[in-house]
Amino acid sequence: MKRCFCVISRFIYISAERNKGASLVSNVSRYYSGSAAAKTRSDLRWEESKSSDSQKWSRLEHKGPYFAPEYDPLPDNVPFYYDGRLLKLSPATEEIATFYAKMLDHEYTSKEVFQNNFFTDWREEMTDEERKLIKTLSKCDFSHMHKYFVEKSEERKNMTKEEKQVLKEESSRLMEEYGFCVLDGHREKIGNFKLEPPGLFRGRGEHPKMGKLKKRIQPEHVTINCSQDSKIPEAPAGHRWKRVQHDNTVTWLASWLENIHGRPKYIMLNPSSKLKGEKDWQKYETARQLKVCVNAIRKQYKRDWTSREMKSRQRGVAIYFIDKLALRAGNEKDEESADTVGCCSLRVEHISLHRRLDGLEHVVEFDFLGKDSIRYYNKVPVEKQVFKNLKLFIKHKDPEDDLFDRITTINLNKALNECMPGLTAKVFRTFNASTTLQDQLNKLTTEDMTVEEKILSYNRANRAVAILCNHQRAAPKTFEKSMQILQEKIQKKKEQIEEAKKELKEAKKAHKDAPSDKSKKLVEKKEKLVQRLCEQLKKLQLQETDREENKVIALGTSKLNYLDPRITVAWCKKHNVPIEKIYNKTQRDKFTWAIHMTDENFQF
DNA sequence: GTACTGACTTGAAGGGAATTAA
DNA sequence: TTAATTCCCTTCAAGTCAGTAC
């Protein structure tokens with residue numbers, strides 16, 4: 001515990017040193033003592049340090065979670081038919097039926113696993129009578145329910161401004177009442193104060209539990225965490241909490257067990273809070289520490305490639321992959337989830353070895369499903385010794401055997417921790433992502449660029465990271481169409497420029513033949529027009545490049561989770577790019593700490 | 001060493017709000 | 001002004017990793 005506090009103090013020292021004396025504390029004070037805003041209690045929170053690492057707060061008060069609204073039964077004119085016969089379902093059975101009906105035009109409901117899980121769970125909640133009657137899902141006609149919900153959704157879309165305003169006000173009232181807590185005297189935003197409503201579980205990829213019923217959370221399932229001397233939140237009328245505890249070594253305000261996997265879920269603070277901000281800062285400082293010792297670590301894992309011990313060799317190759325390819329650690333998973341892997345859980349079937357491929361030597365071809373069942377596909381030339389080792393690791397193994405059978409994420413992280421305190425597999429992802437951003441920004445930005453060009457450079461740097469981390473997204477549905485429209489615009493702009501140039505030439509000639517004030521002004525006017533059109537064309541072309549390159553790449557995840565925000569803040573300051581052009585409101589809130597503490601000289 | 005639990009971070013998707021184009 | 005498109009924000013699933021018990 002003590003050690004971690006020292007680490008925090010050292011962060012301040014390191015930052016102070018690297019930022020030419022601009023420590024978090026002094027920087028933040030300076031920022032807030034400015035004229036723009038009066039110093040409020042919640043602003044001041046950044047200046048306080050905490051007493052120990054295991055203790056997360058001294059005082060915590062909140063209103064408890066907000067429960068999902070009770071089920072509102074369907075009007076009588078929305079029928080449900082079973083085997084062609086009209087059935088009036090009991091409210092509980094009907095509610096679960098509506099979950100399915102709402103999803104009818106989603107691909108999920110066409111999957112057998114989804115259907116079977118849903119039907120089994122649904123039948124369990126039916127009355128005895130209903131269960132006797134309803135025996136086959138395909139005989140259930142949910143279409144009228146479905147139609148009803150489509151109409152409802154249309155109605156919502158077509159609401160008047162006033163009606164929408166009423167809803168908005170109601171939602172901000174809710175936010176005011178339940179959305180904040182008071183932590184050590186500061187009002188902090190809560191991340192997810194609304195409990196998850198009941199519904200059908202939508203796992204990612206080929207999840208064996210897809211379609212199962214996610215049950216309604218009752219107060220009797222919820223544990224409240226707050227300080228003893230605070231006003232204990234009241235359970236809804238007629239109910240009581242499962243438990244009220246006062247554990248200040250954890251950061252959550254409420255928890256419950258979700259019924260699909262039986263694992264706990266929590267209500268926690270928003271990323272803009274001091275608690276989360278400090279943790280984030282600490283994460284990036286750990287990654288910066290790795291920078292100092294990464295060369296030694298790389299030397300070590302290369303030595304391990306020729307170790308006499310198989311375990312060391314496997315560990316050496318695994319850490320090499322984690323470092324070079326930014327793979328995730330790859331913990332063991334149970335049978336009850338989609339079959340996805342990370343580094344340590346790679347199987348023989350996930351790699352192919354090519355002595356030569358596309359003119360390159362010793363190429364490893366990776367093809368596996370990673371987190372969220374996102375495919376990782378990559379062909380990577382590796383060192384000869386790595387290639388030899390991989391051949392050795394797969395020898396006499398079946399495709400479904402573990403590639404690294406002698407190591408686990410636990411002992412891999414233990415080994416990493418011995419190299420550097422606090423080092424784990426995921427630190428490499430943060431380190432490599434942030435290093436890449438810093439390098440790319442340094443390489444791609446020049447002073448003669450316009451702000452738009454600088455932003456394109458930033459996006460390109462960001463994209464390099466997203467590619468490294470394999471952050472993918474589905475191509476936008478209207479991508480081709482919108483791209484075509486943009487290209488047409490560019491063409492039109494080019495034609496306009498041609499036309500304007502021609503007019504300019506004519507104006508110049510006219511001015512030469514018969515100079516006058518009027519003809520001179522016309523030339524100037526035409527010159528300005530050409531210039532303006534050329535600028536517009538350039539902007540469109542930049543937009544085209546950016547959009548094309550971004551088709552299937554998601555930039556948000558790396559921006560939010562892997563890129564030290566101080567790199568971005570410093571870059572913006574150095575190159576006079578308004579921070580709002582890079583970070584939206586949510587992102588600025590999350591990175592308040594970095595925006596306040598960083599000057600233009602910061603380098604990761 | 002390993003199975004299990006708990007706490008926390010990371011991640012893509014979806015829907016509504018905001019912005020832009022027609 | 002309306003329709004189309006983009007962006008933002010929320011949601012909740014799915015990871016990581018530490019701690020504990022045996």
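Naming convention: chains lettered A, B, ... in sequence-line order (proteins, then strands); numbering from 1 in each chain.
- Nearest heavy-atom pair, A:Leu416 versus A:Thr424, reported as atom, atom and distance to 0.1 Å: CD1-C, 3.7 Å.
- Residue contacts shown for A:Tyr266 include a base, since a base heavy atom lies under 4.0 Å away.
- The two residues A:Phe393 and A:Leu403 make their nearest non-hydrogen contact at CB-O, 3.7 Å.
- The distance between atom NE2 of A:His261 and atom P of C:dC12, rounded to the nearest whole Å, is 15 Å.
- A:Lys371 contributes a side-chain N or O that forms a donor-acceptor pair with the base of B:dT10 under 3.5 Å.
- Summarising the geometry, the separation between CZ on A:Phe428 and P on B:dT9 is reported as 21 Å, rounded to the nearest angstrom.
- Residue contacts for A:Lys209: at a heavy-atom cut-off of 4.0 Å it reaches no nucleic acid atom on any strand shown.
- The nearest whole Å value for the distance from the CG atom in A:Asn225 to the C1' atom in B:dC8 is 14 Å.
- Counting only heavy atoms from C-beta outward, the side chains of A:Trp593 and A:Pro565 approach each other to under 4.5 Å.
- A:Arg328 comes within contact range of the sugar-phosphate backbone alone, with a heavy-atom separation under 4.0 Å but no base atom that close.
- When all heavy atoms of A:Arg204 and A:Ser373 are compared, the closest pair comes out as O-OG, 3.7 Å.
- Aromatic rings of A:His207 and A:Tyr108 (six-membered ring for Trp) have centroids beyond the 6.0 Å cut-off, not under it.
- What separates NZ of A:Lys157 from C1' of C:dA4 is a distance of 13 Å, to the nearest Å.
- One can place CG of A:Asn584 at 13 Å from P of B:dA18, the figure rounded to the nearest angstrom.
- Residue contacts for A:Arg202: at a heavy-atom cut-off of 4.0 Å it reaches the sugar-phosphate backbone alone, with no base atom in range.
- Within 4.0 Å of A:Lys214, counting heavy atoms only, lie sugar-phosphate atoms of the nucleic acid but no base atom.
- The side chain of A:Lys168 lies closest to B:dA18, out of B:dA12, C:dC12, B:dA18.
- Atom-to-atom distance recorded for A:Tyr266:OH and A:Trp256:CH2 is 10.0 Å, nearest 0.5 angstrom.
- The NZ atom of A:Lys265 sits 13 Å away from the C1' atom of C:dT10 (whole-angstrom rounding).
- For B:dT10, the OP1/OP2 oxygens have no side-chain nitrogen or oxygen of A:Thr557 closer than 4.0 Å.
- If you check every strand for non-hydrogen atoms under 4.0 Å, A:Glu258 touches nothing.
- Using a 30° and 60° split on the angle between ring planes, A:Tyr66 and A:Phe193 fall in the perpendicular class, above 60°.
- Phosphate contact (OP1/OP2 of B:dG14, side-chain N/O of A:His106, threshold under 4.0 Å): present.
- Applying the 4.0 Å criterion to OP1 and OP2 of B:dG11, one finds that A:Arg429 has a side-chain N or O inside that range.
- Along DNA chain B, the nucleotide nearest A:Gly262 and the nucleotide nearest A:Tyr562 are compared for position; the residue whose nucleotide lies closer to the 5' end is A:Gly262.
- A sub-4.0 Å separation between OP1 or OP2 of B:dT10 and a side-chain N or O of A:Lys426 is present.
- For A:His207, no side-chain nitrogen or oxygen approaches OP1 or OP2 of C:dA13 to under 4.0 Å.
- Atom-to-atom, CG of A:Asn417 to P of C:dG19 comes out at 10 Å; the value is rounded to the nearest Å.
- Within the 4.0 angstrom heavy-atom criterion, no nucleotide atom of any strand lies near A:Pro271.
- Residues from residues 330-343 of chain A with heavy atoms under 4.0 angstrom of DNA chain C, sorted by number: A:Gly330, A:Asn331, A:Lys333, A:Thr340.
- Put simply, CG on A:Leu200 is 18 Å from P on C:dT11, counting in whole angstrom units.
- Looking at A:Lys426, A:Arg429, A:Lys283 one by one, the single match for side-chain hydrogen bond (donor to acceptor under 3.5 Å, both in side chains) with A:Tyr562 turns out to be A:Arg429.
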